[in-house]
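Following: one structure in structure tokens, then a few remarks.
We count residues from 1, following the sequence as given. Ligands are counted one by one from 1 in listed order, and the atoms in each one are counted from 1 as well.
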Amino acid sequence: MKTTLAIPVQKTTHSKLAETDFSNLVFGKTISDHMFVADYKNGEWTDLRIEPYGALDLHPANAALHYGQSIFEGMKAYKNEKGEILIFRADANAQRMNESAVRMCMPEIPEEIFMEGLLQLVDLDRNWVPSGKGASLYIRPYMFATDNYIGVKPSDTYKFIIFTCPVGAYYSKPVSVKVETEFTRATEGGTGGAKTAGNYAASLFPALQAQRAGYDQLLWTDGKSHSKIEESGTMNVMFDINGTLVTAPTNTGTILKGITRDSVIRLAKDWGKPLEERFLTVSELQEALENGTLREAFGTGTAATIAHISKINVNGKDYALPEKKSDSFSYKVLHELDGIKYGDIVDTRSWISKI
Ligand SMILES: *Cc1c(COP(=O)(O)O)cnc(C)c1O
């Protein structure tokens with residue numbers, strides 16, 4: 001691999017590789033041997049290093065713990081049949097991380113540090129990338145405030161870390177969702193468009209209520225009128241209504257700009273699939289469910305790629321959706337994206353970095 005940044009590496013003396021059961025991976029529980037770390041102080045990123053994955057020293061007055069200056073990313077690497085590692089659209093994650101940083105008053109990370117840290121870390125831990133269709137290495141870059149000061153202000157110091165988790169084949173079972181019209185995930189002017197910790201903390205309580213009522217996830221609506229569908233909280237959502245793909249726009253600042261969403265839109269455009277980036281109203285959704293024009297609904301996100309929605313609760317009423325069909329748009333998209341990620345379909349859009 002060609003590198004442009006010299007990053008010192010301290011290798012682990014206690015690799016957990018041999019004792020890891022790759023046939024029994026629970027998402028997010030198994031963590032690879034090393035992590036990439038960089039510190040921000042005196043206005044610059046310094047001390048770039050790769051070291052054994054391990055506990056951090058944290059001061060009780062750590063600003064991130066009190067006021068939530070904390071942002072993250074999520075992406076995946078895949079192994080092809082030649083043993084090469086393919087990372088999907090990492091540059092888009094680097095860019096989005098910086099957009100989140102600006103909103104949360106945190107320093108941006110030069111794309112070179114993000115990419116080189118990532119590529120050199122994954123190269124070092126390349127034996128942690130599982131092989132086999134569906135398996136992947138989940139990559140978690142994140143940044144948080146490290147000032148030891150409990151006054152409310154942007155921290156002067158930060159840590160940027162990347163660690164990785166091997167994950168097994170993700171058999172995405174169909175999800176049931178409830179349209180949420182009481183609680184709010186994001187409002188215009190808020191932080192919904194940033195991948196920042198607090199958004200997820202705020203969504204736990206309403207999501208738990210929905211789970212207790214028997215739904216897997218929520219479909220969030222706009223915070224002002226609760227009449228427009230926004231997204232699902234870890235996934236963007238798309239609807240095929242009479243052959244036209246409808247998905248919420250991301251220019252309101254209330255919806256996370258999913259890279260899977262963007263990839264699906266790109267494929268839809270390349271294939272000439274009619275597409276509308278606009279808000280679907282709750283009543284429009286209910287009407288399409290009642291008159292049978294809703295052909296399919298699915299979530300898009302890094303973890304599941306495409307998650308088929310099998311049931312939607314609207315205004316207290318459950319609607320069953322048609323079964324997943326092999327001639328559906330989402331099926332075709334999933335096949336195409338998987339093909340590109342595992343190197344079986346030629347990457348004509350420069351979406352893959354190879355190690
Ligand atoms: C990460 C995330 C998504 C999905 O984004 P991808 O880049 O496709 O993984 C959607 N919504 C929210 C709120 C998210 O945090």
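- With a 4.0 Å heavy-atom cut-off, ligand 1 is reached by the side chain of E231 but not by its N, CA, C or O.
- Interface atoms of ligand 1 facing R185, defined by a heavy-atom separation under 4.0 Å, are 13 (C).
- Contacts between N93 and ligand 1 below 4.0 angstrom, taking non-hydrogen atoms only, are absent altogether.
- No more than 12 heavy atoms of other residues, nucleotides or ligands sit less than 6.0 Å from atom CG of N42.
- Residues N199 and T191 have side chains that bring a donor and an acceptor to within less than 3.5 angstrom of each other.
- For ligand 1, the polar-atom distance check finds no N/O of N236 at less than 3.5 Å from any of the ligand's N/O atoms.
- Residue contacts with ligand 1 leave out G74, since none of its heavy atoms falls under 4.0 Å from the ligand.
- For the atom pair CG (D318) and OG (S176), the distance works out to 8.5 Å, reported to the nearest 0.5 Å.
- Cation-pi check for K341 over F88 is met; the charged atom lies under 6.0 angstrom from the ring centroid and within 45 degrees of its normal.
- Only side-chain heavy atoms of R96 come within less than 4.0 Å of ligand 1; its backbone N, CA, C and O stay farther off.
- Using a 4.0 Å cut-off between heavy atoms, L256 contacts ligand 1 through its side chain alone, with no backbone atom that close.
- Residue-to-ligand polar distances place Y200 within reach of ligand 1: an N/O pair is separated by less than 3.5 Å.
- Remark: aromatic rings of Y158 and Y142 are distant, center separation not under 6.0 Å.
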